[in-house]
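Before any comments, here is the structure.
By convention in this document, chain letters (A, B, ...) are assigned in the order of the sequence lines, proteins followed by strands, and residues within each chain are numbered from 1. All values below were derived from every heavy atom in this structure, side-chain atoms included, with hydrogens, water molecules and symmetry-related copies excluded.
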2 protein chains.
Amino acid sequence: MGSTKLNIHDTENNYLAKVAKVFSHPARVAIIKYISCCESGCICNDIVKEIGLAQPTISQHLSEIKKIGLLNQSASGKSLSYSINTEKLNACRRLMNDFFVKIQVHASA
Amino acid sequence: MGSTKLNIHDTENNYLAKVAKVFSHPARVAIIKYISCCESGCICNDIVKEIGLAQPTISQHLSEIKKIGLLNQSASGKSLSYSINTEKLNACRRLMNDFFVKIQVHASA
DNA sequence: AAGCCATATCGTAATATTGCAATATTACTA
DNA sequence: TAGTAATATTGCAATATTACGATATGGCTT
């Protein structure tokens, strides 16, 4: 008991929930915003300074965001540089928006 | 320790995370879809039969969805009838979409 | 009023998430 | 190659979430 019963739901619903979960924590929202604002990539260490959480915590959140493929990562000297994978972001935007639109259409029928 | 540090994030990020959280569980996604498909309101008991989770679990999920104002509720005989608050749904859609668009624009700049 | 049906709430067990200190790893630099 | 800076991983404590049985509540029906 206690864990989400993924098996009783269809793949589509599970995936939408998985994507939404990435945006369901304010630190991750802030991290994504911050990365998007950095011209030509964002140094990981700067995120730690910006957000106000400990380095391991940021690292953990970054890995959650990476799991759905939303980040490009590249080495930049001894640091890592992150940037938004805009294609994936667009896919997320469409996924969520299509969901809302579908609900709206059905609800208004 | 352990709990989300809401106070270090701004209201906007906290609210977006709160909204996204509603859609971050497949059962809630399924419930919202199901309600939207029912012509003129959806009997709560039918949701229980449809989704395959126990009645108290559905009730709990419904209350999470209600918390952001996404549901209209009305008595219908001895049952409750739920329907989607389409205005609120639209607001959620815009909130998420504007967020994605803003990220996209910044990331591509 | 007694019984029944639908929903909510309570209590609790199982699991997941959040956050951080300590430590490991990786990569540059002197 | 030793030292250092940046990031990841590990381990763990605190809290939150998910799920459900038991029970309470509220409204029909007879």
Side-chain angles (χ1 to χ4, degrees), chain A residues 1-9 13-14 17-31 34-35 38 41-68 71-83, chain B residues 1-9 13-14 17-31 34-35 38 41-68 71-83:
Chain A
M1 221 190 0
S3 73
T4 295
K5 286 185 161 182
L6 291 169
N7 59 306
I8 69 168
H9 306 293
N13 290 357
N14 283 334
K18 189 177 167 184
V19 167
K21 188 172 251 175
V22 170
F23 305 100
S24 76
H25 194 288
R28 288 193 289 270
V29 173
I31 290 170
Y34 183 69
I35 292 177
C38 296
C42 164
I43 301 304
C44 175
N45 209 11
D46 292 345
I47 306 175
V48 175
K49 284 174 199 150
E50 174 71 15
I51 309 288
L53 289 166
Q55 178 267 323
T57 307
I58 297 293
S59 187
Q60 211 169 277
H61 281 307
L62 280 170
S63 103
E64 292 299 314
I65 302 170
K66 272 188 265 182
K67 266 185 198 161
I68 60 161
L71 295 182
N72 302 316
Q73 178 177 332
S74 63
S76 160
K78 54 188 157 187
S79 315
L80 284 179
S81 177
Y82 288 111
S83 65
Chain B
M1 217 188 8
S3 73
T4 296
K5 286 185 161 181
L6 292 170
N7 59 307
I8 69 168
H9 306 292
N13 290 356
N14 284 334
K18 189 177 167 185
V19 168
K21 188 172 253 177
V22 171
F23 305 100
S24 76
H25 193 288
R28 287 193 290 269
V29 173
I31 290 170
Y34 183 69
I35 292 177
C38 296
C42 164
I43 300 304
C44 175
N45 207 12
D46 293 344
I47 306 174
V48 175
K49 284 173 200 154
E50 173 72 14
I51 308 288
L53 289 166
Q55 179 267 320
T57 308
I58 297 293
S59 188
Q60 210 169 275
H61 282 307
L62 280 170
S63 103
E64 292 299 313
I65 303 170
K66 272 187 265 181
K67 267 184 197 162
I68 60 161
L71 295 182
N72 302 316
Q73 181 178 331
S74 63
S76 159
K78 55 187 157 188
S79 315
L80 284 179
S81 176
Y82 288 110
S83 64

Does a side-chain N or O from A:His61 land closer than 4.0 Å to OP1 or OP2 of C:dG19, or not?
-> yes
Quick one: which of D:dC20, C:dC28, C:dC20 gets closest to the side chain of A:Leu53?
-> C:dC20
Quickly work out the B:Ile65 CD1 to C:dA8 P distance and round it to whole Å.
-> 12 Å
Is B:Ser59 near enough to C:dA8 that one of its side-chain N or O atoms lies under 4.0 angstrom from OP1 or OP2?
-> yes
Round to a whole Å and report the spacing from CD of B:Gln60 to C1' of C:dA14.
-> 13 Å
At under 4.0 Å, does any side-chain N or O of A:Lys5 touch on OP1 or OP2 of C:dT15?
-> no
Starting at atom NZ of B:Lys78, determine the distance to atom C1' of C:dA6, rounded to an integer number of angstrom.
-> 8 Å
Checking side chain to side chain contact (heavy atoms under 4.5 Å, CB included) against B:Tyr82, which of B:Leu62, B:Asn72, B:Ile31 comes through?
-> B:Leu62
Base, sugar-phosphate, or nothing: which does A:Ile58 touch, judged by heavy atoms less than 4.0 Å apart?
-> nothing
Considering only heavy atoms and no angle criterion, is a donor-acceptor pair shorter than 3.5 Å present between the side chain of A:Gln55 and the base of D:dA8?
-> yes
Determine the minimum heavy-atom distance between A:Phe23 and B:Ala20, stating which atoms define it.
-> O-CB, 3.4 Å
Among the candidates C:dT7, C:dG19, D:dG21, find the nucleotide nearest to the side-chain atoms of A:His25.
-> C:dG19
Within the distance-only criterion (no hydrogens, no angle test), does the side chain of B:Arg28 pair as donor or acceptor with the backbone N or O of B:His61 below 3.5 angstrom?
-> no
Rounded to the nearest angstrom, tell me the gap between atom CD1 in A:Ile47 and atom C1' in C:dG19.
-> 17 Å
Main-chain N/O of A:Pro56 paired with A:Ser59 side-chain donor or acceptor, under 3.5 Å = no
Considering only heavy side-chain atoms of B:Arg28, the closest of D:dA19, D:dA8, D:dT18 is D:dT18
To the nearest Å, how far apart are A:Leu62 CG and C:dC20 C1'?
-> 16 Å
Compare side-chain N and O positions of B:Lys21 against OP1 and OP2 of D:dA16 and report whether any pair is under 4.0 Å apart.
-> no
Which part of the nucleic acid does B:Thr4 contact within heavy-atom distance under 4.0 Å: base, sugar-phosphate only, or nothing?
-> sugar-phosphate
Establish, with yes or no, whether the OP1 or OP2 oxygen of C:dT18 is under 4.0 angstrom from a side-chain nitrogen or oxygen of B:Ser3.
-> no
note: B:Leu80, atom CG; D:dG26, atom P; distance rounded to Å ~ 13 Å
CD1 (A:Ile43) and CG (A:Leu80) are apart, to the nearest 0.5 Å, by 8.0 Å
Quick one: on DNA chain C, does A:Ser24 or A:Ala75 contact a more 5' nucleotide (nearest heavy atom)?
-> A:Ser24
By nearest-nucleotide position on DNA chain D, the 5'-leaning member of B:Thr57 and A:Asp46 is A:Asp46
With a 4.0 Å cut-off on heavy atoms, is B:Ser79 in touch with a base, just the backbone sugar-phosphate, or nothing at all?
-> sugar-phosphate
One should read off an interatomic distance between A:Leu71 CG and A:Ser81 OG, to the nearest 0.5 angstrom, of 10.5 Å
Spacing between A:Asn45 atom CG and D:dT7 atom P, to the nearest angstrom | 5 Å
Rounded distance in Å - NZ (B:Lys67) to P (D:dA16) = 11 Å
